[in-house]
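Note that this is a predicted model, so its numbers are computed, not measured. Both ligands and their constituent atoms are indexed starting at 1 by order of listing.
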Amino acid sequence: MKILSIVGTRPNFMKIAPLVREFRKRRIRHVLVHTGQHYDREMSQLFFDQLQLPKPDVNLGIGSGTVVEQVGRILIALEKVLTDEKPDIVVVVGDVNSTFAGAFAAKQLGIPVAHVEAGLRSFDWSMPEEINRVLTDRISGYLFTTEESANRNLLNEGRSRKDIHFVGNVMIDTLLAHRREAASSTILQRLHLSGKGYGVLTLHRPSNVDTKKSLASVISIIGELQKAIPIVFPIHPRTRRSIQSFGLGPVVGKMKNLTLTPPLGYLDFLCLMDNARIVLTDSGGIQEETTALGVPCITLRKNTERPVTLSHGTNLLVSMKKGKILAAARKAMSHHQKAGRMPPLWDGKAARRIVQLLKQFIQ
Ligand code: UD1
């Protein structure tokens with residue numbers, strides 16, 4: 001039995017780590033392919049080190065580009081790898097370009113595909129991730145889901161119940177496994193912060209950062225908020241580039257209570273979230289992580305593909321209007337914050353369930 005898994009971006013690494021651990025425990029032959037979609041040390045190698053991931057067996061080194069360029073380069077490079085390795089099954093995680101390209105190459109070569117984090121839908125086709133999600137699910141034979149909404153979405157799309165496996169959330173497996181270790185991070189001291197006395201901001205969605213109008217609008221909201229509470233803003237490379245090219249550096253530079261940092265490693269960022277009074281984000285994974293940690297989260301988007309974080313968790317989806325976001329943030333920071341609970345099966349055992357099922361499928 002030989003499993004080949006494909007990763008490419010920062011959030012993929014947290015999702016594959018508990019699966020790799022299970023493969024090792026059960027002595028399953030496993031080939032790890034990194035597409036190289038993310039390549040900076042702090043976007044990739046740092047996560048391999050902190051999550052004790054083995055060095056990838058293959059790195060395709062495809063780097064940055066448009067969605068079409070990235071997918072095209074991955075497909076060409078993967079054809080040879082898959083033909084040489086001949087795995088019994090290919091595992092892809094999440095919704096990034098590397099996820100779809102990996103699934104597509106495998107399917108076209110006749111190799112069965114398993115998708116971890118299947119069925120999530122924002123129903124917003126302007127998001128590259130939504131296109132990746134729908135297409136990846138359509139060609140995956142094994143659909144591993146994290147929440148009930150995903151099961152419903154897949155059934156509504158005509159998928160058979162037998163292909164859908166509600167297993168829980170591998171990203172939360174990683175969070176629970178590292179929470180204690182993250183507690184000894186020195187990030188709060190290094191940034192001169194006190195527990196529950198600051199907010200965390202992350203931004204990288206094209207809809208927020210790729211035009212001057214949308215980025216300036218989010219930045220002006222943060223400008224107001226940082227007057228009420230210090231905000232830490234670890235900057236994604238895409239966002240850094242946009243701030244520079246739109247000439248917004250001086251506006252951000254004037255915000256005395258806003259601390260910019262380079263992208264942080266997994267343990268520092270987990271510690272930062274766990275001790276935050278509030279998190280504001282347009283990330284998918286952070287909506288889930290704040291729900292698991294019980295930290296109030298405001299999602300800076302019009303929609304979410306992870307509705308369980310709203311129904312069960314601490315997440316709030318407000319319209320992208322300044323007044324509404326500021327009001328929601330003030331409420332979340334008061335004693336009237338939303339109480340959350342852990343969604344079903346987010347218990348640290350998702351990877352174990354997935355690998356048990358994969359073994360049954362392949363035998
Ligand atoms: C990608 C995913 C997104 C995910 C995010 C996590 C797609 C369509 N998007 O977005 O779903 O939430 O990763 O971070 O797959 N760059 C660097 N160094 C790096 C990587 C990127 O400088 O290591 C810069 C490059 O200028 C690049 C830009 O960031 O052009 C965007 O990178 P890309 O991988 O295209 O998309 P992300 O915005 O990171």
Side-chain angles (χ1 to χ4, degrees), residues 6-16 34-49 51 56 59-75 78 92-105 115-118 120-122 124-137 171 174 200-211 214-215 218 233-246 261-266 269 273 279 281-290 299-301 303-306 309:
I6 298 166
V7 292
T9 68
R10 182 169 63 174
N12 290 166
F13 310 139
M14 283 85 102
K15 293 170 193 170
I16 209 68
H34 188 333
T35 64
Q37 181 176 343
H38 283 177
Y39 45 83
D40 285 348
R41 183 183 166 275
E42 65 279 13
M43 299 294 286
S44 179
Q45 187 58 47
L46 192 51
F47 287 77
F48 274 73
D49 295 344
L51 302 174
N59 192 322
L60 307 178
I62 63 114
S64 295
T66 64
V67 175
V68 173
E69 283 166 345
Q70 284 183 333
V71 170
R73 282 189 226 130
I74 297 171
L75 289 177
L78 262 185
V92 294
V93 296
D95 56 14
V96 300
N97 295 334
S98 301
T99 311
F100 164 65
F104 183 77
H115 184 204
V116 175
E117 206 184 85
L120 298 179
R121 298 287 181 266
S122 65
D124 176 356
W125 283 86
S126 68
M127 290 176 79
E129 294 81 6
E130 183 70 358
I131 302 171
N132 290 335
R133 286 181 204 117
V134 171
L135 297 181
T136 303
D137 285 341
M171 189 167 225
T174 297
V200 177
L201 168 71
T202 82
L203 279 180
H204 75 284
R205 290 273 152 228
S207 59
N208 279 330
V209 308
D210 280 8
T211 66
S214 54
L215 186 55
V218 182
F233 182 16
I235 298 201
H236 187 284
R238 176 190 280 272
T239 312
R240 179 174 294 279
R241 208 182 46 188
S242 291
I243 290 178
Q244 276 161 1
S245 65
F246 298 145
T261 77
L264 297 174
Y266 184 72
F269 191 70
M273 278 193 294
V279 173
T281 190
D282 60 9
S283 148
I286 293 173
Q287 295 172 52
E288 296 183 339
E289 290 171 331
T290 46
T299 293
L300 300 171
R301 284 173 45 189
N303 50 55
T304 178
E305 62 287 337
R306 293 162 158 91
T309 62

Quick test: of every protein heavy atom, which one is nearest to [atom], and how far off is it to 0.1 Å?
| atom | result |
| --- | --- |
| atom 32 (O) of ligand 1 | His38 NE2, 4.3 Å |
| atom 16 (N) of ligand 1 | Tyr39 OH, 3.5 Å |
| atom 18 (N) of ligand 1 | Asp40 OD2, 2.9 Å |
| atom 35 (O) of ligand 1 | Gln70 NE2, 3.4 Å |
| atom 26 (O) of ligand 1 | Arg241 NH1, 2.9 Å |
| atom 9 (N) of ligand 1 | Glu129 OE2, 3.5 Å |
| atom 2 (C) of ligand 1 | Val96 CG1, 3.6 Å |
| atom 25 (C) of ligand 1 | Ser64 OG, 3.3 Å |

Check ligand 1 against [X] and write out every atom of the ligand that is under 4.0 Å from a heavy-atom position of the residue.
| X | result |
| --- | --- |
| Asn97 | 7 (C), 8 (C), 15 (O) |
| Pro237 | 16 (N), 17 (C), 18 (N), 22 (O), 24 (C), 29 (O) |
| Met43 | 23 (O) |
| His236 | 14 (O), 37 (P), 38 (O), 39 (O) |
| Pro11 | 6 (C) |

With no hydrogens and no angle check, do the side chains of [X] and [Y] hold a donor and an acceptor under 3.5 Å apart?
| X | Y | result |
| --- | --- | --- |
| Thr211 | Ser214 | yes |
| Thr202 | Thr281 | yes |
| Asn12 | Arg10 | no |

Q | side chain to side chain contact (heavy atoms under 4.5 Å, CB included) against Thr304, all qualifying residues, sequence neighbours excluded | A |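 With neighbours one apart ignored, the set is Gln287, Arg306, Leu310, Leu317.
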**Q.** side-chain contact (heavy atoms from CB on, under 4.5 Å) assessment of Tyr266 paired with Thr174
**A.** CA-CA 10 Å; Tyr266 184 72; Thr174 297; 3.6 Å; yes
Q: Apply side-chain hydrogen bond (donor to acceptor under 3.5 Å, both in side chains) to the pair Gln37 and Thr9, showing each step before the final yes or no.
A: CA-CA 6 Å; Gln37 181 176 343; Thr9 68; 5.5 Å; no
Q: Using distance alone, decide if ligand 1 has a nitrogen or oxygen within less than 3.5 Å of any nitrogen or oxygen in Asn132.
A: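 No, no N or O pair falls under 3.5 Å.
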Q) Looking only at N/O atoms, are Thr9 and ligand 1 under 3.5 Å apart anywhere? A)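 By distance alone, the answer is no.
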Q. Salt bridge check: are Arg133 and Asp95 linked by an N-O gap of less than 4.0 Å?
A.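 A salt bridge links Arg133 with Asp95.
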Q: Tell me which one of Gln37, Arg41, Glu69 gets a heavy atom nearest to atom 7 (C) of ligand 1.
A: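 Answer by nearest heavy atom: Gln37.
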Q: Counting heavy atoms only, name the option from His204, Met127, Arg238 that's nearest to atom 36 (O) of ligand 1.
A: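 Minimum heavy-atom distance to atom 36 (O) of ligand 1 goes to Arg238.
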Q | Residue pair Ile235, Ile243: steps toward the side-chain contact (heavy atoms from CB on, under 4.5 Å) verdict | A | CA-CA 10 Å; Ile235 298 201; Ile243 290 178; 4.0 Å; yes
Q: Step through it carefully: locate the ring centre of His38, locate the ring centre of Phe13, and say whether they are under 6.0 Å apart.
A: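 They do not qualify: ring centres at least 6.0 Å apart.
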**Q.** Verdict with reasoning, Asp210 to Arg238, per salt bridge (Lys or Arg N to Asp or Glu O under 4.0 Å)
**A.** CA-CA 8 Å; Asp210 280 8; Arg238 176 190 280 272; 2.8 Å; yes
Q: Give the intermediate values and the outcome of side-chain hydrogen bond (donor to acceptor under 3.5 Å, both in side chains) for residues Tyr39 and Ser64.
A: CA-CA 9 Å; Tyr39 45 83; Ser64 295; 2.7 Å; yes
